[in-house]
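Here's the structure we're looking at; comments come further down.
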Amino acid sequence: MSIAVSPAHVVLTIGSKGSAVRQLQRLLNLRLQALEMTDMISVFVDGVFGRETLTAVKYLQCVGGFPVNGRVGDGLITFLTAGARGLPVMSLGSRSTGVLAVQQAILRARISVLPDGEFGPRTEQAVKTYQEQMGLLADGIVGPQTWDRVVRSRLMELPCLSLLPNPYRL
């Protein structure tokens with residue numbers, strides 16, 4: 001299942017309605033199911049991008065290292081359909097909220113790194129240490145296997161946990 005979303009133009013956001021929203025809601029539920037989170041959050045498939053859909057979008061944006069803005073673009077759709085394989089490969093020189101998400105996961109693993117969203121030499125070394133701890137190839141590149149560990153570490157941690165509906169908030 002795919003939704004046509006132009007990277008330069010956000011198509012789906014709060015208030016959107018129709019078949020594209022129904023497809024989005026199904027994708028949200030499928031990704032939440034794959035992450036074993038449906039006991040905590042799921043979306044009613046009704047074709048209306050309301051508060052419940054917005055909560056799921058923001059939560060999965062956070063988990064996947066996207067800007068948490070509630071707007072659905074190509075990057076989020078790719079993550080919803082492909083999981084960690086759909087997240088961007090990051091290495092020395094990368095700068096993004098995705099880098100910040102990786103840095104936060106590294107910090108939670110008790111590895112020193114500056115959470116600044118910039119993938120410099122210190123972040124590269126921290127990624128290698130994180131990969132070693134996780135039993136992965138320590139190449140300093142954040143690809144699908146490293147992303148999978150990062151995503152799973154963010155499911156029940158701040159800041160993403162705070163986006164879940166009550167009673168799951170701290």
Side-chain angles (χ1 to χ4, degrees), residues 1-3 5 7 24-43 55-165 167-170:
M1 179 182 317
S2 66
I3 299 174
V5 179
L24 169 66
Q25 291 166 329
R26 287 185 196 106
L27 288 173
L28 290 167
N29 286 333
L30 287 171
R31 181 57 37 212
L32 290 165
Q33 181 180 17
L35 294 170
E36 300 176 357
M37 293 299 295
T38 53
D39 58 329
M40 298 183 133
I41 183 171
S42 62
V43 178
T55 297
V57 165
K58 285 184 172 183
Y59 175 71
L60 287 170
Q61 285 175 326
C62 183
V63 166
F66 295 95
V68 180
N69 57 21
R71 294 187 306 260
V72 178
D74 282 345
L76 182 64
I77 294 298
T78 302
F79 173 56
L80 295 177
T81 57
R85 291 185 328 265
L87 294 172
V89 173
M90 296 184 306
S91 60
L92 200 58
S94 298
R95 301 174 84 185
S96 68
T97 56
V99 173
L100 181 59
V102 170
Q103 291 167 332
Q104 290 168 340
I106 288 169
L107 283 171
R108 280 191 303 283
R110 293 184 162 78
I111 301 166
S112 180
V113 68
L114 178 65
D116 61 1
E118 296 184 19
F119 202 122
R122 290 186 179 148
T123 296
E124 182 182 45
Q125 185 55 51
V127 167
K128 288 179 181 179
T129 302
Y130 180 79
Q131 290 168 326
E132 285 173 4
Q133 283 187 7
M134 298 295 145
L136 303 171
L137 173 66
D139 60 4
I141 297 169
V142 180
Q145 292 177 335
T146 305
W147 261 122
D148 184 63
R149 299 297 170 97
V150 168
V151 165
R152 292 192 180 280
S153 77
R154 293 176 62 81
L155 292 174
M156 294 300 293
E157 298 287 338
L158 292 175
C160 303
L161 183 65
S162 66
L163 296 169
L164 289 175
Y168 303 104
R169 289 187 188 170
L170 295 177

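Just so you know, residue 1 is the first one in the sequence shown, and it goes up from there. Below, each value reflects all heavy atoms present in this structure, side chains not excepted, and no hydrogens, waters or symmetry copies. Quick caveat, the model's predicted, so the values are computed rather than measured.
Panel note: side chain Thr81, backbone Ile77; a donor-acceptor pair is recorded below 3.5 Å. Without hydrogens or angle criteria, Trp147 side chain to Gly83 main chain gives no donor-acceptor distance under 3.5 Å.
A disulfide bond (SG atoms under 2.5 Å apart) check over residues 77-136, counting only residues at least two apart or in different chains, returns nothing. The disulfide bond (SG atoms under 2.5 Å apart) contacts involving residues 67-101 comprise nothing, where partners must be two or more places apart or lie in separate chains. A disulfide bond (SG atoms under 2.5 Å apart) check over residues 118-161, counting only residues at least two apart or in different chains, returns the pairs Cys62-Cys160. For residues 125-134, no residue pair satisfies the salt bridge (charged side-chain N to carboxylate O under 4.0 Å, His left out) rule, not counting sequence neighbours.
For the atom pair Thr146 OG1 and Leu87 CG, the distance stands at 11.5 Å (nearest 0.5 Å). Of the inter-residue distances, the one linking Met40 atom CE with Leu155 atom CG reads 9.5 Å to the nearest 0.5 angstrom. Rounded to the nearest 0.5 Å, atoms CD (Gln25) and CG (Leu30) are 12.0 Å apart. Interatomic distance, CG of Leu28 versus OG1 of Thr38, reported as 13.0 Å (0.5 Å rounding). How far CG of Leu76 is from CZ of Arg71: 12.0 Å, rounded to the nearest 0.5 Å.
Pairing each heavy atom of Ala101 with each of Val150, the nearest pair is O-CG1, 4.1 Å. Pairing each heavy atom of Ser162 with each of Pro159, the nearest pair is OG-O, 2.6 Å. Of all non-hydrogen atoms in Met37 and Tyr59, the two that sit nearest each other are CE-OH, 3.2 Å. Across every non-hydrogen atom of Ile41 and Ala56, the tightest pair is CD1-CA, 3.7 Å. Phe66 and Thr97 get closest at one heavy-atom pair: C-OG1, 3.4 Å. Contact record, Lys58 with Asn69: CE-C, 4.3 Å, taken as the closest heavy-atom pair.
Of the candidates Leu80, Val43, Val72, Val57 forms a side-chain contact (heavy atoms from CB on, under 4.5 Å) with just one, namely Val72.
Between Leu60 and Leu35 the shortest side-chain heavy-atom distance falls below 4.5 Å.
Under the rule for a side-chain contact (heavy atoms from CB on, under 4.5 Å), Thr78 has no partner lying at least two apart in sequence or in another chain. Legend: residues meeting side-chain hydrogen bond (donor to acceptor under 3.5 Å, both in side chains) with Arg85, ordered by chain and number and at least two apart, are absent. By the side-chain contact (heavy atoms from CB on, under 4.5 Å) test, Ser96 is found to be paired with Met90, Val99, residues two or more places apart in sequence or in another chain being considered. Annotation: side-chain contact (heavy atoms from CB on, under 4.5 Å) contacts of Ser42 (sequence neighbours excluded): Asn29. Looking at residues two or more places apart in sequence or on another chain, you find a side-chain contact (heavy atoms from CB on, under 4.5 Å) between Ala34 and Arg31.
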What donor-acceptor contacts under 3.5 angstrom involve side-chain atoms of residues 102-113, with partners at least two apart or in another chain?
unit_1 : atom_1 : unit_2 : atom_2 : d
Gln103 : OE1    : Asp116 : N      : 3.0
Gln103 : OE1    : Gly117 : N      : 2.8
Gln103 : NE2    : Leu114 : O      : 3.2
Gln103 : NE2    : Asp116 : OD1    : 3.1
Gln103 : NE2    : Glu118 : O      : 3.0
Gln103 : NE2    : Thr123 : OG1    : 3.0
Gln104 : OE1    : Arg154 : NH1    : 2.7
Arg108 : NH1    : Gln104 : O      : 3.3

TODO: Give the C-alpha distance, both sets of side-chain angles, the deciding distance and a yes or no for side chain to side chain contact (heavy atoms under 4.5 Å, CB included) between Leu136 and Tyr130.
DONE: CA-CA 8 Å; Leu136 303 171; Tyr130 180 79; 5.6 Å; no
